[in-house]
Structure formats: C-alpha cells, structure tokens
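Report on the structure given below.
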Amino acid sequence: MKVREWDPRTASSAEIASLLDTLNAVLAADLPQDPPWRESSLREYLSEVMPGERRISWVTQADPAPDGTPGAILGHVNVLLLGGIGVLEVLVHPTVRRSRLGRELVRVAARRVWDEGFQSIGVEVVGDTPAVAFYESLGFAREYVETRSVLDLGAVDWPALTEMAGGIGAGYHLEFCPGGLPDDLLEAYARAKAEVRDVDDGELRPSSYDPQRLRDSLDTLRRRGMKPYIVLARHEQTGEVAGLTEVVVPAQHPTRADQYDTIVVRDHRGYGIDRAIKARMLLELRSAELELAEVQTWNAQANEAMLKVNAELGYRPDRDWCEYGVDVAELVHRLDPHR
C-alpha cells in the first residue's frame, strides 16, 4: 500500500466517506464509548486552519477493485505546522494494524516536518490504547498528562444545577454568548485569557490571548463546522470579564460537546464564578442543542479546584489524555537511518 499526499479540499466525496469509515472503525476499537463521527463538515474539519498555520495530509488505500473502483482508505496521517512544532495525527484501520503501515505514515510525515525546518513533533495519545506502545516504540516521550472526564446530561440533577448557576457572589452577573463574542467584548475577553498564558496547559491545544487571534480562532472554529458557546461572568462595577467558560459543539459529533477553556481571573476568585458559569453553560446547552447527550472536558490532575467543580456538576473521569513529543532529527534517523 503506497502512501500519497492527499488534500481533503479536493478529495472526492467517496474518499471523504472512506476516511470517515476508518475513523469510526478506530473509535469502535479504541474508544468504544465515544460517539461515531458524521460526515457533516468533515472536509472542512480536515482542511481549515488558523492564519499562519498549515496542515499537510497523506493517505494509503487498499488495491482497486477488479472493476477499477478505488480501494478504501486504510491509513491517514496529517501534520499541523504551527509555531515551532508539528502536531501529528495518525489513523490506521484496525484490520491492517501490525503491518508497519503506521510506522510508514509517521516516517513520511516526519520527513516532511524535517524538510520544512521544524525541530520537534508532538502528538496526543489516548491512554489505554495501542497508540501508547506504538509511539513509545518510536522514541516519543510523555510530556504532559490530562484526565478526560465525561458528563452524561441524562444523569444531571437539573434543579441542583440551576441553584449552582445562581450561586455567584454579589456584584457579578452572567452573560450567554451563543456562536461567539460581540466585537465590543473581544479585548476584555482576551485580557482575561492572557492572565493564565504562563500556566503549563500543554502545547498541542494553544489558546488565544489577543483580540485578533481570538477573532481568527472563533472564525476558524465556525469554518470547521464547530459551533462555539461562551458564558461570561462580568464584574458589574468595572464591566471587566471576571470569568469565562467555552464549549464547542462539533457538527462531526453533535451528541458530544467539547469543553474548551474555563478561566476565573485571579482578582475575582472566591465568589463561586467557576461553578456558576459552568452550570449556566449546561443549562443553556440543554435548550440550544437538542441532540446533545454528553460533554467532555480535560483537566490536569494538579488543577484540584476545577476537578472538584466538575465532580459537583456530575462529570466522571474517563481516561488519561497524554501529550508526547520527539526531536524530529532523532525520529527521522530512527525511521529512515540510511538518509
């Protein structure tokens, strides 16, 4: 099976559908509790990126059928080039694992990252899946670990949640922003996010700390078929954003939403803002997204305050979500020692 460069923007509908089949086969094997993905905006999800970033993809297919019908896509790799790192994603259909296909996909991508002048490659690896041993065998080292937790909306105590949403200290009020932010709030919102920019939250899901990048980020989410929802806590005396929480509902799996940042500005901590904004978000999503059944979030184990809030809301720990990294030169030499 030959690996070839592949552009999702110009790929046929049949190729997009075939890639989706492989993605869902991987989910069924490795994350059977996760919802299957849909084809809605999948092409856009695979191709749209932030300004200044690039994504390069490759696929490998089974042999054509006797009638000439192209073979199914059995492997896919893409690398997102951003900042000083290449972020890798690899899919190999469970039926062709242990055929060295995954290794070949990584080799091709790593060589391109090296040729592009980048020094390191990162990858998100889900705990308790075959990917852990695979990447460690290639020399990747674990650099950061979060725990994913999942909230089943069918098991939520909604009256208790309503009480939590109202439990914010005097002098603050909450605002719900479906679809993004009004322009007049971008600067205050970005300032609130900038306060935690030095916190070690991992490298592979960077946040946006200035108004233009925040605007670009929201626009990119929408182009990828991902609808953002934001709940703000505003300080009534100053009008400043005292806290925020973000949830994104992807068209590709609209029954399970993704929690993004939740931040409470240091000077406004201790007033119940974190619990209130997350509870209000869930109440709004219940009405705004009728298909939604679950919300997933990721937290470092050191973030005890947020883990406590999530537990009170009903989130249950699921599994570790790890960032691995490797020096590009070392990886290229390991995979292609004769070049």
Side-chain angles (χ1 to χ4, degrees), residues 31 33-35 146-181 185 189 192-193 195-196 199 201 226-237 240-250 253-321:
L31 295 166
Q33 280 74 47
D34 281 29
E146 293 179 310
T147 297
R148 183 178 75 168
S149 299
V150 179
L151 174 65
D152 176 2
L153 295 182
V156 166
D157 183 340
W158 293 104
L161 206 72
T162 302
E163 186 175 341
M164 291 181 198
I168 192 169
Y172 297 92
H173 70 270
L174 304 185
E175 297 179 12
F176 175 55
C177 303
L181 286 167
L185 279 177
Y189 192 89
K193 298 193 77 167
E195 179 170 306
V196 296
V199 176
D201 284 332
M226 305 166 78
K227 187 174 182 180
Y229 290 92
I230 295 169
V231 171
L232 304 174
R234 300 283 296 277
H235 185 230
E236 293 172 352
Q237 184 176 354
E240 286 295 299
V241 173
L244 61 95
T245 190
E246 307 161 336
V247 168
V248 171
V249 179
H253 52 88
T255 63
R256 181 182 284 192
D258 299 328
Q259 174 79 58
Y260 280 30
D261 284 347
T262 297
I263 295 167
V264 179
V265 175
R266 187 171 290 104
D267 289 345
H268 300 284
R269 293 175 185 171
Y271 297 96
I273 291 174
D274 48 4
R275 183 181 296 101
I277 56 179
K278 296 195 77 167
R280 172 69 178 273
M281 174 67 81
L282 295 172
L283 291 166
E284 296 288 357
L285 289 173
R286 186 187 188 192
S287 303
E289 294 286 342
L290 299 182
E291 280 193 86
L292 191 63
E294 298 170 310
V295 181
Q296 57 187 2
T297 187
W298 293 262
N299 296 100
Q301 284 299 320
N303 192 350
E304 295 180 2
M306 193 56 64
L307 290 170
K308 181 175 184 291
V309 169
N310 287 340
E312 292 171 353
L313 294 169
Y315 283 88
R316 296 291 177 263
D318 176 39
R319 62 176 70 213
D320 285 342
W321 219 263

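Because the structure is predicted, anything quoted here is derived from the model rather than measured.
Interatomic distance, OH of Y315 versus CG of L282, reported as 5.0 Å (0.5 Å rounding). A distance of 9.0 Å separates CD1 of I168 from NE2 of H173, quoted to the nearest 0.5 Å. To the nearest 0.5 Å, atoms OG1 (T262) and CG (N299) are separated by 8.0 Å. Taking CG from L232 and CZ from R280, the interatomic distance works out to 10.0 Å, rounded to the nearest 0.5 Å. A distance of 11.0 Å separates CG in L290 from CG in L285, rounded to the nearest 0.5 Å.
A 4.5 Å side-chain heavy-atom check between T297 and L151 finds every atom pair outside the cut-off. M306 places a side-chain heavy atom less than 4.5 Å from the side chain of K278. When side chains are defined from C-beta on, E246 does not count as touching V248, because their heavy atoms never get closer than 4.5 Å. Residues D152 and R316 have side chains not in contact (no heavy-atom distance under 4.5 Å, counting atoms from C-beta outward). Residues S149 and N310 fail the side-chain proximity criterion, which asks for heavy atoms closer than 4.5 Å. Contact annotation: the side chain of E175 approaches that of L185 to within less than 4.5 Å [non-hydrogen atoms, C-beta and beyond]. Under the 4.5 Å side-chain criterion, counting only non-hydrogen atoms from C-beta, D258 is in contact with Q296. For the pair Y189 and I230, the minimum side-chain heavy-atom distance is below 4.5 Å.
Between H268 and H235, the ring planes are tilted. Angles from 30° to 60° get that label.
Minimum heavy-atom separation, A165 to L283: CB-CD1, 3.7 Å. Looking at every heavy atom in both residues, A192 comes nearest to V265 through CB-CG2, 3.7 Å. Residues V247 and A257 approach most closely at CG1-CB, 3.6 Å, considering heavy atoms. Minimum heavy-atom separation, I263 to K193: CD1-CA, 3.8 Å.
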May I have the list of side-chain donor-acceptor pairs in residues 156-163 shorter than 3.5 Å, sequence neighbours left out?
{"residue": "D157", "atom": "OD1", "partner": "A160", "partner atom": "N", "Å": "3.2"}
{"residue": "T162", "atom": "OG1", "partner": "W158", "partner atom": "O", "Å": "3.0"}

Which atom pairs, one a donor and one an acceptor, fall under 3.5 Å between side chains of residues 270-277 and the rest of the protein, sequence neighbours left out?
{"residue": "R275", "atom": "NE", "partner": "E312", "partner atom": "OE1", "Å": "2.5"}
{"residue": "R275", "atom": "NH2", "partner": "E312", "partner atom": "OE1", "Å": "2.8"}
{"residue": "R275", "atom": "NH2", "partner": "E312", "partner atom": "OE2", "Å": "3.4"}

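Evaluation of the salt bridge (Lys or Arg N to Asp or Glu O under 4.0 Å) test over residues 289-305, restricted to residues two or more places apart or in two chains, returns R38-E291, R256-E294.
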